[in-house]
Amino acid sequence: MAAKKLQSIRGIHDGLPAEVRAWQRVEAAARKVFGTYAFSEVRLPVLEPTELFVRSIGEATDIVSKEMYAFTDQGGDHICLRPEGTAGAVRAYLQGGLTRSGGQRWFYIGPMFRRERPQKGRLRQFQQIGVEMFGAPGPLEDAEILAMAHAFLSELGIGGLQLEINSLGCTACRPAYREALVAYLHERADLLCETCKERMDKNPMRVLDCKVASCQAELSAAPEMVNHLCASCESHFAGLQAGLKALQVPYHINARIVRGLDYYNRTAFEIVTDQLGAQGTVLAGGRYDGLIEELGGPATTAIGFAAGLERLAMLLGDSEPAVVDIAVVVLGEQVIPYSLQQAAKLRQHGFSVVHCGGGSAKRQFKAADREGARFVVVIGKDEMQAGVATLKNMATGEQQQLAFEQLVNVIRD
RNA sequence: GUGGAUGUAGCUCAAUGGUAGAGCCCCGGCUUGUGAUGCCGGUGGUUGUGGGUUCGAGUCCCAUCAUCCACCCCA
């Protein structure tokens, strides 16, 4: 070992083959399901101007105030590694001049960066699968987006998930609710935990999802946003639920759901599991009707969500081993060039083929077994001269001599 | 950022302050062209790193790094 051990940065992990296979299962499900809803993939920059997140997520949020990898580059520009995907998507939507091109339905898959204390299901570089819909006026779009999220997770076959929805109200009704909540909290301030006392004025809605049991007890009678919605938010929320019922998407209302990012309004939702410890949110999102205007575009309704790729992959259970169809075992130095040619031909038929590299038959069969090869094609001097190969089925142990054309058909079955 | 637990072979783990081990993996052998079961042998560790205490430290102390768990936050 070298003088100094070189290792990855804290909280930033390598995607080794077994893990990447699990990721690919998640990605494949996303592409398939999102495709059926006519969403298109976009690939957006990892590096963005720091200002973008300050203006969208909000300066006071933890993400912006202490978790961003932000720095000044050699030209003096303030840039950062993106901590989430929505702001960049909006920026691209505006920059791409798409505001007059009708509604946009986008999804993306890629790394995000947040300098948090690492934990299970919480990394400093992690991957999100995100969905954004620009031009999504009504509750119908909310219901369809949620149905799509539900279909995506169903496609993955993950059980034990729960969809929770809430309404955060809008600029018309939220301030009054907020006042009512703050008043309620102040009445019993001395019964709340220390962090909640701090949160009470800074971000009172956050108190609602405090995990301290005594706080939750005090909150049982707290005013809930759902009961303070203005008429239009009220009907929006009702419309969403009607849509979910029509689409048979199971859900329940959780008035405690709050979003950490400033730009959300009305519909907020989370899909949670109890199998991931403290990091149980597997997918979350909501409506953000004000953000596009906030970033300099025309007033545009929008809704989206993001799912944690690693978290989903952890719920998948053991992934399938890599598939190897054929291992080529070659016996005799002089047969090696010929065996290489035959391996190449088998690959042209679309099989995954490993060449065992010669040497003793025992060594090569052992290697074939380790690779999990379904079949072994044995080529020795005799086979070469006769233009055939010995095909062994590794599961059954059966073995037969066949011409290459026949052999291809046997393996296909 | 706060609190707690843990770092010994590639992996999972042993080792009353007194010579660092096992299982699995890997490599080779048990007749000439046959794996996954058996038998035999072999490679592989400055015990995360740096200090300290001690005649002597994997073991005790301090620091540091990393992982895990919880808080916090969030996907």
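The chains referred to below are lettered A, B, ... by the order of the sequence lines, with proteins before strands, and numbering in each begins at 1.
A donor N or O paired with an acceptor N or O is found under 3.5 Å between the base of B:U34 and the side-chain atoms of A:Gln399. No hydrogens or angles were tested; on distance alone, nothing pairs the side chain of A:Arg122 with the base of B:C69 as donor and acceptor under 3.5 Å.
Atom NZ in A:Lys366 sits about 6 Å away from atom P in B:A36, given to the nearest Å. Atom CD of A:Gln128 and atom C1' of B:C73 are 14 Å apart (whole Å). For the pair A:Met394 CE and B:G35 C1', the interatomic distance rounds to 4 Å; values are reported in whole Å. Distance CZ (A:Phe365) to P (B:G35): 8 Å, rounded to an integer number of Å. We find that CD1 of A:Ile63 is positioned 9 Å from C1' of B:A75, with the value rounded to whole Å.
Between A:Tyr263 atom OH and A:Tyr288 atom OH the span is 7.0 Å, to the nearest 0.5 Å.
Here A:Arg10 reaches the OP1 or OP2 of B:U67: one of its side-chain N or O atoms lies under 4.0 Å away. Taking 4.0 angstrom as the limit, A:Gln119 places a side-chain polar atom (N or O) nearer than this to OP1 or OP2 of B:A70. OP1 or OP2 of B:C26 sits under 4.0 Å from a side-chain N or O of A:Arg370. Under 4.0 angstrom from either OP1 or OP2 of B:G35 there lies at least one side-chain N or O belonging to A:Lys362.
Distance from the side chain of A:Glu116 is smallest to B:C73 among B:C68, B:G35, B:C73. For A:Val378, the listed nucleotide lying nearest its side chain is B:G33; candidates were B:U67, B:G1, B:G33. Across B:U34, B:C72, B:C68, the shortest atom-to-atom separation from the side chain of A:His13 is found for B:C68. Among B:A36, B:G33, B:G28, the nucleotide with an atom closest to any side-chain atom of A:Arg363 is B:G28. Distances were taken from every side-chain heavy atom of A:Asp62 (C-beta onward) to each of B:A75, B:C72, B:G35; the shortest belongs to B:C72. Of the candidate nucleotides B:C71, B:G35, B:A75, B:G35 has the atom nearest to the side chain of A:Lys392.
Partner assigned to B:C11 is B:G23, using Watson-Crick or G-U wobble distances below 3.5 angstrom. If you check B:C68 for Watson-Crick or wobble pairing at under 3.5 angstrom, you find it paired to B:G4. Across the strands present, B:A63 finds its partner in B:U49; the criterion is a Watson-Crick or G-U wobble pair with both atom distances under 3.5 angstrom. Using N1 to N3 plus N6-O4 or O6-N4 for Watson-Crick, or N1-O2 and O6-N3 for G-U wobble, each under 3.5 Å, B:G38 pairs with B:C30.
Comparing B:C60 with B:U8, their P atoms are spaced 15 Å from each other, to the whole Å. Across the P atoms, B:A15 and B:C68 are found 25 Å apart, a figure rounded to whole Å. Using P as the reference atom, B:C27 and B:A36 are 11 Å apart when rounded to the nearest Å. For the P atoms, the distance from B:C65 to B:G50 is 15 Å, rounded to whole Å.
Map A:Leu123 and A:Lys381 each onto its nearest nucleotide of RNA chain B; the residue landing nearer the 5' end is A:Lys381. When each of A:Leu276 and A:Glu270 is assigned the nucleotide of RNA chain B with its nearest heavy atom, A:Leu276 is the one assigned upstream, toward the 5' end.
Under the 30°/60° scheme for interplanar angles, the aromatic rings of A:Phe34 and A:Phe152 are found to be tilted.
At a cut-off of 3.5 Å, with distance as the only test, no side-chain donor of A:His78 or A:Asp73 sits close to an acceptor on the other residue.
Partner of A:Arg91 under the salt bridge (Lys or Arg N to Asp or Glu O under 4.0 Å) criterion, out of A:Glu48, A:Glu132, A:Glu294, A:Glu51: A:Glu48 alone.
Side-chain contact between A:Leu181 and A:Leu208 is present, with heavy atoms from C-beta onward closer than 4.5 Å.
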Nucleotide by nucleotide, 5' to 3', does protein get under 4.0 Å of the base (B), only the sugar-phosphate (S), or neither (-) in nucleotides 2-12 of chain B, counting heavy atoms? BB---------
